[in-house]
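In what follows, a structure is listed as structure tokens, so that the remarks can point back to it.
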Protein chains: 2
Amino acid sequence: MAVKKAHRYCLDTVKPVRDALDVLQGKWKLPIIISIGAGNDRYTDIQDSIPGITPKVLAKELKELEQHQLINRVITEGYPVKIAYYTTAHSDTLWPIIFALKDWGLNHRKQIFRKV
Amino acid sequence: MAVKKAHRYCLDTVKPVRDALDVLQGKWKLPIIISIGAGNDRYTDIQDSIPGITPKVLAKELKELEQHQLINRVITEGYPVKIAYYTTAHSDTLWPIIFALKDWGLNHRKQIFRKV
DNA sequence: CCGTATCCTGCACGATACTG
DNA sequence: CAGTATCGTGCAGGATACGG
């Protein structure tokens, strides 16, 4: 065979996974979505809910997430102006990934402590 | 309340997700596991099945994956010596994550083309 | 309250050549 | 076949201070 069967099957899975990783990769993107999804809608709230994130990094990540339609930045005029972040219908489809990662992360800890 | 409810809930999810990301993060780890899981057990097979990966990077990633008990490196004596890589029971538990990422990646493409 | 502005650092990743 | 050896680079991420 010109191309191995396993290679073809592998590519069919790897390609979309890479598309997902390209958008979700990094230390902060999913934590930020989790935080906003949990109800933290203000910048300071989000920052306080994610230990270790700096304002510069948070601002950059928020912009990228907005560009990818994973969050909405909503400005409400008034005194003072209110700025809030919300998840989108699109980012709501991320929860299967997040829960899968959460479950696996919990299990991974057990696995490491058992064997090492 | 001293700590917002949303912060507490957020942390409960973020922490295990970070544990998972710490191990799985990067451009190549999941693709390599997918490739080995698809039946590519030889070094060259894996390399050929993942477009763009260089031998140096592949070697480094394989070592890290082995350390995290996500793959086994099996040496079979003989002429010539045979070296093969296999998934582990632990890495088999990654498939929910992989399939979730695959589904989301496919859907994300559609989403992007629709809106932009 | 919601961010910018600077400055800095490491390492993830890449190109290319070579080896037992 | 299964990797090392060198060399190189960009950018994710961090520390700190400041601004409308």
Can you measure from NE2 (His68(A)) to OG1 (Thr88(A)) and round to the nearest 0.5 angstrom? 12.0 Å

Global bending angle along the helix from dG3(C)-dC18(D) to dG20(C)-dC1(D), which compares the axes of five pairs at either end, to 10 degrees: 50°

What integer number of Å spans the P atoms of dC2(C) and dA17(D)? 22 Å

What distance separates Ser91(A) OG from Trp104(B) CH2, expressed to the nearest 0.5 Å? 9.0 Å

To the nearest 0.5 angstrom, please state how far the CH2 atom of Trp28(B) sits from the OG1 atom of Thr54(B). 7.5 Å

Atom-to-atom span, CG of Asp41(B) to C1' of dC1(D) - whole angstrom: 13 Å

For the residue pair His90(A) and His108(B), does the interplanar ring angle fall in the parallel (under 30°), tilted (30 to 60°) or perpendicular (over 60°) class? parallel

Taking atom C1' of dC1(D) as reference, at what distance in whole Å does atom CD1 of Ile46(B) sit? 12 Å

Strictly below 4.0 Å, N to O, side chains only: are Lys29(B) and Glu64(B) in salt-bridge contact? yes

Test side chain to side chain contact (heavy atoms under 4.5 Å, CB included), reference Ile34(A), set Asn40(A), Leu101(A), Ile98(A), output is Ile98(A)

Between Asp19(B) and Lys15(B) (salt bridge meaning N to carboxylate O under 4.0 Å), is one present in this structure? no

Can you find a pair of side-chain heavy atoms, one from Tyr86(B) and one from Ile71(B), that are under 4.5 Å apart? no

Could you state the CD1-P distance from Ile75(B) to dA2(D), rounded to the nearest angstrom? 11 Å

What is the distance, rounded to the nearest whole Å, between atom CG of Leu58(B) and atom P of dA2(D)? 11 Å

In whole angstroms, the gap separating C1' of dC13(C) from CD of Glu64(B) amounts to 12 Å

Separation between CH2 (Trp95(B)) and NZ (Lys102(B)), nearest 0.5 Å, reads 9.0 Å

Name the pairs: protein N/O against N/O of nucleotides 2-6 of chain C, kept only if under 3.5 Å.
unit_1, atom_1, unit_2, atom_2, d
dC2(C), OP1, Arg42(A), NE, 2.9
dC2(C), OP1, Arg42(A), NH2, 2.6
dC2(C), OP1, Ile83(A), O, 3.4
dC2(C), OP2, Thr44(A), N, 3.3
dC2(C), OP2, Thr44(A), OG1, 3.0
dG3(C), OP1, Arg73(A), NH2, 2.5
dG3(C), OP2, Tyr85(A), OH, 2.5
dT4(C), OP1, Lys63(A), NZ, 2.7

List in numerical order all residues of residues 13-36 of chain A for which some heavy atom is under 4.0 Å away from an atom belonging to DNA chain D. Gly26(A), Lys27(A), Trp28(A)

Could you go step by step and tell me if Asp22(B) and Arg18(B) meet the salt bridge (Lys or Arg N to Asp or Glu O under 4.0 Å) rule? CA-CA 6 Å; Asp22(B) 285 343; Arg18(B) 291 256 280 205; 5.7 Å; no

From CD (Gln47(A)) to CD1 (Ile32(A)), nearest 0.5 Å: 10.5 Å

